[in-house]
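To start, the structure itself, in structure tokens.
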Amino acid sequence: MQNIKYDIIIIGAGLGGLVTAALLSKEGKKVLVLEKNKQIGGALQSFGIDKKLFESAVHYLGSLNNGETLYKLYDYLGILKDLKLKRLDIDCYDEIILNNKSFKLAQGHDRFAETLSQYFPNEFKGIHKYLNEVKNVCSHFPLYNMRIGSAEEKQQVIGKGFHALISQFTHNDELIQVLGGNNLLYAGNQQQTPFYLHALIQNSYIESSWKFEEGSAQLAILLKDVIQQHGGDVFRNQEVKLIKEENGIIQYVETTEGVQFIADAYISNMHPDLTYQMLDSNLIRPVTRKRISATPLTKSSFMVNISLKENQIKYRNHNIYFHKSEDVWLDLKRQVVDDPLSFGIFFYQDKKNPIYASAISILCYNDFDAYQQWEKSMHTTTYSENRDELYQTYKLNLMNYCIDAVTEIIPNLKQSIVKMDACTPLTYRDYLNTPKGSLYGFQTNVDDLANTTYSTQTKIPNLYFTGQNINLHGVLGVSITALLTAADFVGLPYLVDKINLHATKK
Ligand SMILES: Cc1cc2nc3c(=O)[nH]c(=O)nc-3n(C[C@H](O)[C@H](O)[C@H](O)COP(=O)(O)OP(=O)(O)OC[C@H]3O[C@@H](n4cnc5c(N)ncnc54)[C@H](O)[C@@H]3O)c2cc1C
């Protein structure tokens, strides 16, 4: 048993755990964050190939312009000034390539509408109606706009699916496909994904789109510094395996090394299913555990990371979503084992010669089930089991498949490769402890919102959740949820007022 008693222990130093901890530390709470990995950050981990820095997940983030929500929150936390960010091209944050045509999605609502209308001149009205609905839906989410509101507000706009709503604005299938062309950002499918999920994410990038100049891990490190400056602790290599309840409240958590840590309250940044699996308590009913365990997950992914020869491939200051199929949703409707049809392509700028890319990453959907034969093996930097030749061959074949596919739009890709490696669904499962390596955790279903959305609070009064499974995933979504979790301790109006006051003083 550790001697220090904390006010709050947070399990997991992902973005959710770290933002929650930073907010609570600033409120004078003595916080401890326990992270299982050697590197903090969860999906914000960066790593090297050929001495170049790659993102494990996060390639871009939105709503970071002066006055926007993430700007306000990160500025309040004191980390904004130190974040090294680069704005993506104003007239194109995402390029959707479909049917051998290229469509640009631009930053700024007016520019977004103008740019799209050039490709679809007859859909001018539909595009404006779509954008108005995006703005309308987003305005019903109070915290997304850093204001206080009521739960009823959201109820008015959450009940429609992407396809059901979008078809009210346009019947032009190509336009609908383009609007859904970056669905890798939410891994939904057009029938079940609520329109609001699409709207919150698309809108954040329309507001402003940014990438990290020196790796997303910098965000995790800055948050850790805030926690430590305010007297908190962040311990790495501490995997929690047991959460012990007695007399109606959590008494302690225990790590795989058998060390127990105690606090007044506990917050899990893990997937709720995993949290409940390690929770020793009868207070969470079997039916609840079963329901959570059965809630469908978003698909997993495969990411090829390629270090490039110098001066070969032009740097694009935007991302590309390239679809080989006419249906941008097809990979979400079928098992993707070794033949993905949609690809997200992300460019890293060469500092020495900025018109060229030093590296690129290719992301696609990939089903966890394809990895069943290696499911029992585990591989991280702290715990490493070698996977057999077959796994390496499978990985290499899929990397080559992706490269061949993308060669259609980047012709000299193959001959420009210096070194490459890939993250598979098993990599994501092992490094993030996400069930089945799922991209974004629970899959929100518009027809079953009550069973696919979860609260920050649990039946146990001193056990809470934070992170991507609650409310919304992504850097913006997880940061907003962290605010909600922190508010469980200090009050939401108080915290939101403080953040807004800080913003107005500048
Ligand atoms: C491939 C991919 C690409 C993405 N791209 C983008 C993007 O471009 N832009 C964007 O905004 N979002 C993106 N996202 C989504 C975004 O990264 C996530 O929604 C967000 O980072 C999740 O943060 P989190 O804190 O909820 O979870 P995580 O980052 O998963 O953090 C959970 C943490 O808990 C730790 N943990 C788990 N179990 C234990 C345990 N038992 N004991 C101790 N610690 C434990 C994990 O090691 C991890 O550090 C992407 C995600 C993926 C997977």
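Just so you know, ligand 1 is whichever comes first in the structure, and atom 1 is the first atom listed for that ligand.
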Item to check | Ionic contact status for Asp331 with Lys299, cut-off 4.0 Å | outcome: no
Checklist entry - Quick check, are the ring centers of Tyr348 and Tyr315 under 6.0 angstrom apart? => result no
Which protein N or O atoms sit under 3.5 Å from any N or O of ligand 1? Give each pair with its distance.
from     : atom 1 : to     : atom 2 : distance (Å)
ligand 1 : 5 (N)  : Ala57  : O      : 3.2
ligand 1 : 8 (O)  : His59  : N      : 3.0
ligand 1 : 8 (O)  : Tyr60  : N      : 3.3
ligand 1 : 8 (O)  : Tyr60  : O      : 3.4
ligand 1 : 9 (N)  : Tyr60  : O      : 2.7
ligand 1 : 9 (N)  : Tyr205 : OH     : 3.4
ligand 1 : 11 (O) : Val475 : N      : 2.8
ligand 1 : 19 (O) : Gln468 : OE1    : 2.7
ligand 1 : 19 (O) : Gly474 : N      : 2.8
ligand 1 : 25 (O) : Leu15  : N      : 3.1
ligand 1 : 25 (O) : Gly16  : N      : 2.8
ligand 1 : 25 (O) : Asn269 : OD1    : 3.3
ligand 1 : 25 (O) : Asn269 : ND2    : 3.0
ligand 1 : 26 (O) : Gln468 : N      : 2.7
ligand 1 : 29 (O) : Ala43  : N      : 2.8
ligand 1 : 38 (N) : Asn433 : ND2    : 2.9
ligand 1 : 41 (N) : Val240 : O      : 2.9
ligand 1 : 42 (N) : Val240 : N      : 3.0
ligand 1 : 44 (N) : Lys36  : N      : 3.1
ligand 1 : 47 (O) : Glu35  : OE2    : 2.7
ligand 1 : 47 (O) : Asn37  : ND2    : 3.3
ligand 1 : 47 (O) : Tyr431 : O      : 3.4
ligand 1 : 49 (O) : Glu35  : OE1    : 2.6
ligand 1 : 49 (O) : Glu35  : OE2    : 3.3
ligand 1 : 49 (O) : Gly42  : N      : 3.3

Item to check | CG on Asn182 to CG on Asn319, rounded to 0.5 Å | outcome: 9.0 Å
Checklist entry - When Pro194 is tested against each of Ile158, Leu449, Leu200, Thr453 for side-chain contact (heavy atoms from CB on, under 4.5 Å), which residue passes? => result Leu449
Next on the checklist: Within this structure, what is the NZ-CG distance for the pair Lys224 and Asp233, rounded to the nearest 0.5 Å?
Outcome noted: 11.0 Å
Checklist entry - Can you tell me how far CD of Gln277 sits from CD1 of Ile243, rounded to the nearest 0.5 angstrom? => result 11.0 Å
